[in-house]
Undergrad: 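The structure that follows is given in the form of structure tokens.
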Amino acid sequence: MKAEQALAKRARELQAVAEVSTAVSTILQAEALLQEVVDLTKERFNLYHAHIYLLNEMERNLVLMAGAGDVGRAMVAEGWQIPFSQERSLVARVARTRQGAIVNDVRGEPDFLPNPLLPETRAELAVPIVLGDQLIGVLDVQAAEEDYFSEEDVTVQTTLATQIGVAVQNARSFAESEAARQELSQITRRLTHEGWQEYLAQQDLPQINVAVGQSPTNGAAFNQSLVVQGETIGQLVISEPQAFASDADDIMTAVAERLSSHIENLRLSAQTSAALAQTEQQAERLAILNDMGAAINTATSLAEIYSLAGQYTRQILHGDHTSLSLLDAGGDTFTGIGFLESGDTYTVHLPLAGTGVAYALEQQKPVVAPQDFSLVDVKAEILLRQGIQSYICAPLMVGDRQLGTLNIGSRAAHAYGAADISLVQQIVSLLAATLESRRLFDETRRRAEREALVNAISQKIQNAPTIQSAMQTAVTELGNALHVRRAVVELSQTGPLPKR
């Protein structure tokens, strides 16, 4: 009965992980995101409290950014934080070691830091929030009962923490993109002179004064400066006018004002459009990443998860080729699943040694061809036929466990930069967390089915009225359950008869 209850509890918790991830996948404001996570975590996992610490930019303190309910908000308002080097702190220790930890009786734990706002805490579990090789913070949950947490809870909460890390990084990237866009708009309006220099340089016209038309030959001319926001950007010159001579100055001034205003608007429009195109492209890619998270969390099979990963990665990175390289059981070979532009897939089985996949797993970070290694080392024959010139190979990892790599290729040379690498890290963290969550869910389901089968066979054996019928029931039920043709159970005398 306890085993069944434990399995049911684990299944509910894994479902809760998926629900929390789906609920926050569309939130791009960091504060709202973290508050939603802790509130849902406390509710879905039936906890006394949950809160999230983030490592500050100086990496000296773990700052409480969100806590469940009114108590959590009050702690955040107080500015609660823990020094990264704090010795007597479970949260700080987990951050330093990057390993989850449990205290199932906090009253006997020297590393527990009590809080007067949480007097009922009896057990605590903390796991690191890590994205790639970067520590983002710590997820800390508490229970009002002793011996509440198990090692399986550490695994489940670690999976949740990984997805929190992806969501936090996504929100940060979105905020950075928004800040960059606003800053660009302000600079464009304010720095007129520098803007024109940049614009002319981009047009391969390094001189500020660009002549259009013919200059007067006799030196007699009317000159009018072209001015934008107090900055002279050029001049309008005409020879002595033959008509409207008395009004020439006024006409020149009016035309120069209109010309200045219009060409400034054209310049701003051209430069702003180019900058906004880059920002909008980044925002669009982040939105697709959110959609990817929601889609793979609701996928019903591993094959569907793989297919969705390939489709969304191609959209986000604008790749000409995407594939997954999944390590086989022995670890010496891998299975490559390629996703073609036509929507078809192909599968290959290759040795791991000497490949870009092996190099990326050894480095434990995304590597880029041809900068990091020879393109020939990583490309299969199909990539050569497609003319792939740039390639990213990013490791899929859960903790220290290697699952394989996600691979993206482009026909353009040197197609991928720092922004692309950052997006790839978010993609592989999300995908690895989803695969781990699916593995845990499937494992829990198999254990539940196995337990139910054993219970059913045991019940039938216990209902047998004789030894012979009990033995017959055992072999019959085992044969049916395990699909074997023959089974036998024997009773034998294994030692000498006792002396009388």
Undergrad: If you measure from the Lys or Arg side-chain nitrogens to the Asp or Glu carboxylate oxygens, is any gap between E451 and R447 under 4.0 Å?
TA: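 Salt bridge: no.
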
Undergrad: As a test of understanding, state which of R88, R93, Q86 forms a side chain to side chain contact (heavy atoms under 4.5 Å, CB included) with L90.
TA: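 Checked R88, R93, Q86 against L90; only one passes side chain to side chain contact (heavy atoms under 4.5 Å, CB included): R93.
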
Undergrad: For S150, is there any backbone N or O sitting under 3.5 Å from a side-chain donor or acceptor partner on D153?
TA: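 Checking the backbone N and O of S150 against the side chain of D153, a donor-acceptor pair under 3.5 Å is found.
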
Undergrad: Do the charged groups of R98 and D400 touch, with an N to O distance under 4.0 Å?
TA: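 Salt bridge flag = no for D400 with R98.
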
Undergrad: When you compare the side chains of N455 and S458, does any donor N or O come within less than 3.5 Å of an acceptor on the partner?
TA: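 No.
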
Undergrad: Within a strict 4.5 Å, meaning less than it, do heavy atoms of the N104 and E146 side chains meet?
TA: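 Of all side-chain heavy-atom pairs linking E146 with N104, none is under 4.5 Å.
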
Undergrad: Flag the pair Q311 / T322 as yes when at least one side-chain heavy-atom distance between them is below 4.5 Å, and no otherwise.
TA: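 Not in contact.
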
Undergrad: In terms of side-chain geometry, is the basic nitrogen of E449 or R446 positioned less than 4.0 Å from the acidic oxygen of its partner?
TA: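 No salt bridge links E449 with R446.
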
Undergrad: Between S390 and A412, is there a donor-acceptor pair closer than 3.5 Å when you use the side chain of the first and the backbone of the second?
TA: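 Yes.
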
Undergrad: V156 vs F45, test: side-chain contact (heavy atoms from CB on, under 4.5 Å). Steps then yes/no.
TA: CA-CA 11 Å; V156 171; F45 291 90; 4.0 Å; yes

Undergrad: As a quick check of understanding, evaluate side-chain contact (heavy atoms from CB on, under 4.5 Å) for D147 and D105, giving each step before the final call.
TA: CA-CA 7 Å; D147 299 321; D105 183 3; 5.7 Å; no

Undergrad: Taking side chain as C-beta onward, heavy atoms only, is I129 less than 4.5 Å from V168?
TA: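 Not touching, per the 4.5 Å side-chain cut-off.
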
Undergrad: So E436 and T155, do their side chains get closer than 4.5 Å, heavy atoms only?
TA: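 Heavy-atom side-chain distance check passes, below 4.5 Å.
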
Undergrad: Do the non-hydrogen side-chain atoms of R73 and Q35 ever get within less than 4.5 Å of each other?
TA: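 In contact.
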
Undergrad: Check this for me: does any side-chain nitrogen of one of D442 and R445 sit under 4.0 Å from a carboxylate oxygen of the other?
TA: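 The answer is yes: the pair qualifies as a salt bridge.
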
Undergrad: Does L317 reach the side chain of R285, with side-chain heavy atoms less than 4.5 Å apart?
TA: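 Heavy-atom side-chain distance check passes, below 4.5 Å.
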
Undergrad: Answer whether the closest heavy-atom distance between the side chains of W80 and H51 falls below 4.5 Å.
TA: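 No, every pair of side-chain atoms sits at 4.5 Å or beyond.
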
Undergrad: Which value, rounded to the nearest 0.5 Å, describes the distance between Q134 atom CD and Q425 atom CD?
TA: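 One finds 8.0 Å between CD of Q134 and CD of Q425.
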
Undergrad: Looking at T121, L47, L125, which one forms a side chain to side chain contact (heavy atoms under 4.5 Å, CB included) with Q142?
TA: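 One option only clears the test, and that one is T121.
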
Undergrad: Atom OG1 of T405 and atom CG of L324: how far apart are they, to the nearest 0.5 Å?
TA: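 Result: 7.5 Å between the selected atoms.
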
